[in-house]
Every structure is written in C-alpha cells, then in structure tokens.
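What follows is a short report on a single structure.
Here is the naming used below: chain letters follow the sequence lines, and residue numbers restart at 1 for every chain.
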Protein chains: 2
Amino acid sequence: MDYSLILSNITKHINLYKEEEEYFISLLHYKRVKKRQYLLEEGEVNTKLTFVTQGCLRSYAVDKNGGEHVLQFAPPNWWIVDMRSFIKQEPARLNIDAIEDSEVIYIMKTDMDELQIQVPKFERFGRILAQNAMASYQHRQIDNVTLSAIERYTSFCHLYPSLILTLPQKQVASYIGVTPEFLSKMLNTVVIK
Amino acid sequence: MDYSLILSNITKHINLYKEEEEYFISLLHYKRVKKRQYLLEEGEVNTKLTFVTQGCLRSYAVDKNGGEHVLQFAPPNWWIVDMRSFIKQEPARLNIDAIEDSEVIYIMKTDMDELQIQVPKFERFGRILAQNAMASYQHRQIDNVTLSAIERYTSFCHLYPSLILTLPQKQVASYIGVTPEFLSKMLNTVVIK
DNA sequence: CGTTCGTCTTAATCTACATTAACTCTCCCT
DNA sequence: AGGGAGAGTTAATGTAGATTAAGACGAACG
C-alpha cells in the first residue's frame with residue numbers, strides 16, 4: 001500500500017517522528033471504490049474521514065424532487081466528509097460516491113479521536129484542515145450569492161482546472177447550480193464558435 | 001472587563017489552568033462597536049478573530065451591482081471571521097459590521113498563533129471551532145440548493161430563533177437570498193391573516 | 001455487433017423571483 | 001415639533017434559469 005500521498009498531505013503542515021508516522025499508518029484503511037459506489041448515504045452516520053488517492057469522489061445532497069446537487073468534488077489529495085454527521089455522529093444529509101473508479105484511504109472517527117489525544121500534533125493538522133475547508137465553503141457561498149451562472153462556471157474552472165477536462169458536463173452543472181440544459185446553452189451561446 | 005462569556009465558550013471544549021487562562025486573557029482586546037461601524041472592510045486583511053459579547057454583528061459580501069448578501073449573523077457567544085483572509089493574511093472579500101450597538105472581544109492572529117504554540121490545548125479549541133463552522137457552512141449550502149425561499153425562511157427561524165424577533169426583515173431577506181419585497185410578499189400571502 | 005443507456009444539444013414554454021416605482025409608517029435627529 | 005431617512009408593503013412588469021420534449025451521438029455491455 002502506498003501512503004506517500006497522504007503522508008505528504010499531512011507533513012506539509014506538521015512534522016512526524018517515525019513512530020508517530022507508524023502509529024498513524026496503523027490506523028489507516030485502504031479501499032477501492034467502483035464508479036457509482038457509495039461511501040456514504042444520506043441517513044447513515046459518517047464514521048470515516050476519507051482521503052482520495054486515485055479517481056474522483058463527490059458529495060451531494062438530494063432535494064425533494066430527487067434532484068442531485070453537488071457540494072464538493074474530491075480528486076486525489078483531497079479530503080471529503082459530511083462534517084456535522086462526523087463530529088456529532090448523527091445521520092448525514094450528504095451522499096458521497098465515486099464518479100469514476102477510485103481508491104481512497106480512510107480513518108475511523110474513533111481512531112482519529114484517539115490519535116489526537118496520543119499525538120496532539122494531529123489537533124493542529126485537524127485545525128488547519130477544518131480552517132481551510134471552512135474558508136472554501138465561505139468563498140463558495142460568496143460566489144454563489146454574488147456571481148451569475150456563467151461567472152460561477154469560470155470560477156469553477158479556476159478552482160478545479162484539471163477536473164473541467166474529465167468531468168461530465170452535467171456534474172459541473174450540478175455543482176454550479178444550473179440544469180445541464182442551461183449550462184449547455186450558456187457554453188454554446190456565450191463562446192464565439 | 002467581563003470575560004466570563006468567552007471563557008465559558010472555550011472551557012466547554014477545553015480545560016485551562018489558572019495561568020493558561022490568565023495568559024489567554026492577557027491577549028484579549030475589548031471593543032465597543034456602534035451600529036453600522038465596520039470591523040472589517042472588503043480588501044483589508046482580517047487580522048482579528050472576533051467574539052461577540054453584546055449586540056449583533058454580520059458578515060456580508062457585495063455583488064457588482066452593490067447588493068449586499070449576508071453570510072452570517074453573530075449574536076452574543078458567536079465568533080465571526082473571514083477565514084481565508086485570516087489564515088492566509090490576504091485581502092478579505094467579506095465586510096463585517098454591527099447591526100446594532102455591540103461589544104466584542106478579539107484576539108490578533110499573531111497572538112493566536114503564539115497561543116497555540118505555547119498552549120497546544122488551543123489547537124484543539126481551534127479545531128473544534130473550525131469544524132463546527134465548516135459543518136454550519138456545509139449545511140447552509142445544502143439548504144440553499146435543496147430548499148425553496150419560504151423553506152429557507154423557516155430553516156432560518158430554527159437556526160436563529162431569537163434573532164428573528166429583533167432583526168430588520170431586510171437583513172433576514174438578505175441572508176436567505178431574496179429581496180425584501182419578495183420576503184414581504186411571501187410572509188403576507190403564505191400565512192393566513 | 002446491435003442495442004441500450006447516458007450524455008449533450010436545441011428549442012418552446014413556463015415560473016420563481018427580481019426590478020421598479022409609489023405609498024405608508026415609524027423613529028430618529030437637530 | 002418637523003422633516004428626512006430607513007423599514008415595510010403592494011403591484012406592474014421583466015428576466016434568469018427551469019421544465020419538458022425530442023433528437024443525435026458515443027460508449028458500454030450482453
């Protein structure tokens with residue numbers, strides 16, 4: 001199993017001694033996820049903090065008409081979680097599944113709690129991770145309320161420059177908050193052909 | 001100066017020794033803020049993490065037509081910050097001002113950084129604070145994409161039950177993402193008079 | 001290797017909410 | 001006390017984006 005990606009993700013923020021690193025690795029689980037396979041379904045409790053090493057996951061919410069609304073994409077080196085469900089251990093409102101065949105590493109909440117007690121540096125890591133996530137959501141919210149649909153599209157292109165090439169257009173539409181039909185129309189009328 | 005509110009906010013999550021508490025208090029600043037007075041303006045760097053003890057603050061973004069969009073209200077016992085600006089020390093996209101005459105306690109980022117090094121328990125506190133904030137933004141986002149305007153209004157009433165009584169309706173409208181005119185219409189047609 | 005399923009497109013129609021404008025009311029400010 | 005600004009209301013008209021429907025294309029699968 002290759003843990004280099006997750007270790008570099010963490011050691012960008014904190015330095016670990018060899019034994020701390022080994023202890024951390026002993027808590028990790030590795031999993032292959034097929035396209036469309038769920039890692040979390042609405043109503044379940046989100047017990048795992050998940051890190052993507054291959055492929056791409058997404059989290060999304062479903063409205064009462066069954067429409068799906070993507071909150072986040074997670075390409076390699078990104079974390080994904082329904083945070084309220086994770087910290088309060090209550091039913092999730094989000095679904096998490098794989099957009100393509102993927103590989104993830106996850107750690108159980110109970111192990112994470114223990115890890116943070118045993119190795120307080122992981123408190124710092126968790127803080128930085130959560131602060132970055134909060135900053136992202138704050139700015140996403142700003143984009144959503146201040147930008148038009150086409151501006152949100154270009155903002156998306158800057159945020160996920162690699163994904164825009166590989167992601168089905170309907171997933172992008174779902175993220176920026178329009179129908180696939182409308183995104184198609186925008187892209188084919190705004191751009192000079 | 002009365003630090004009991006901020007101390008109880010913190011000791012709900014971590015326990016402090018007397019000297020740690022004193023060190024923490026030595027880093028705090030107290031400030032009265034008049035209605036409409038800014039604590040942060042777009043383009044400035046957000047150097048302060050602010051805690052409200054009296055009154056009510058709000059953070060909001062401005063669109064290119066000058067429209068204001070409220071991201072968060074902060075009644076007593078709430079924290080408020082432009083997180084990206086705070087952690088990266090880059091220009092803020094948010095404005096923070098007082099909706100009514102208020103009193104706040106704030107701590108400088110540089111002091112917070114030092115505090116977290118000197119007293120690692122504050123890493124834990126910061127983590128919990130950021131995780132809760134992230135969870136709130138995630139759920140706000142879910143509400144925004146899955147609920148209609150009137151449903152967002154009732155969701156707001158549950159989130160800020162005390163504020164709904166004191167806040168000008170136009171501030172509520174700005175938070176839920178509709179014009180004051182439309183909120184007025186909704187409230188006077190949906191409810192049986 | 002044909003068929004079925006998912007993706008993308010185009011176009012007509014529809015709707016939730018915005019915009020504009022005008023009027024009222026209250027509550028400060030001097 | 002008078003007047004001006006901000007808050008709320010009502011109603012006409014406007015529009016960004018949804019919905020519905022239909023066809024074209026590619027790729028996955030038996």
From C-beta outward on [X], which listed nucleotide comes closest to its side chain: [options]?
X      : options                : answer
B:T179 : D:dT10, D:dG17, C:dT19 : C:dT19
A:Q169 : C:dC8, D:dT10, D:dG17  : C:dC8
B:P168 : D:dA21, D:dG8, C:dA18  : D:dG8

Polar contact flag, side-chain donor to acceptor under 3.5 angstrom, B:R124-B:H13: no
Going by ring pair (Phe, Tyr, Trp, His ring centres under 6.0 Å), name the residues that satisfy it together with A:Y106, two or more places apart in sequence or in a different chain. A:H29
Assign each of B:E181 and A:L183 to its nearest nucleotide of DNA chain C by heavy atoms, then name whichever residue's nucleotide is nearer the 5' end. A:L183
From CA spacing to verdict: side-chain contact (heavy atoms from CB on, under 4.5 Å), B:K88, B:N46: CA-CA 9 Å; B:K88 299 196 175 169; B:N46 190 170; over 6 Å; no
Expressed in angstrom and rounded to an integer, what is the separation of [X] atom [atom1] from [N] atom [atom2]?
X      : N      : atom1 : atom2 : result
B:N65  : D:dA16 : CG    : P     : 12 Å
B:K170 : C:dC25 : NZ    : P     : 20 Å
B:F182 : C:dT15 : CZ    : C1'   : 10 Å
A:Y153 : D:dG17 : OH    : P     : 15 Å
B:N144 : C:dA16 : CG    : P     : 18 Å
B:R36  : C:dC28 : CZ    : C1'   : 11 Å
B:M186 : D:dT9  : CE    : C1'   : 14 Å
B:N188 : C:dT24 : CG    : P     : 17 Å

Partner of A:F125 under side chain to side chain contact (heavy atoms under 4.5 Å, CB included), picked from A:T11, A:L16, A:N9, A:L115, is A:N9
With B:T50, which of B:L57, B:V81, B:I96, B:I107 fulfils side chain to side chain contact (heavy atoms under 4.5 Å, CB included)? B:L57
Does the distance from a Lys or Arg side-chain N to an Asp or Glu carboxylate O, for B:D97 and B:R58, drop under 4.0 Å? yes
Does the Lys NZ or Arg CZ of B:R127 fall within the cation-pi geometry relative to A:F122 - under 6.0 Å from the ring centre and within 45° of the axis? no
Applying salt bridge (Lys or Arg N to Asp or Glu O under 4.0 Å) between A:D101 and each of A:K34, A:R32, A:K35, report the one that passes. A:K34
Taking only N and O in the side chain of A:R152, is any of them less than 4.0 Å away from OP1 or OP2 of D:dA16? no
Do side-chain atoms of A:T47 reach the backbone of A:K109 as a donor and acceptor pair under 3.5 angstrom? no
For nucleotides 23-30 of chain D, just jot down a letter per nucleotide in 5' to 3' order: B, S or -, based on protein non-hydrogen atoms under 4.0 Å. --------
Inter-end axis angle, the helix from C:dC1-D:dG30 to C:dT30-D:dA1, with every axis fitted to five base pairs (rounded, 10 degrees): 40°
What contact category does B:G67 fall into here, base, sugar-phosphate, or nothing, at under 4.0 angstrom with non-hydrogen atoms? nothing
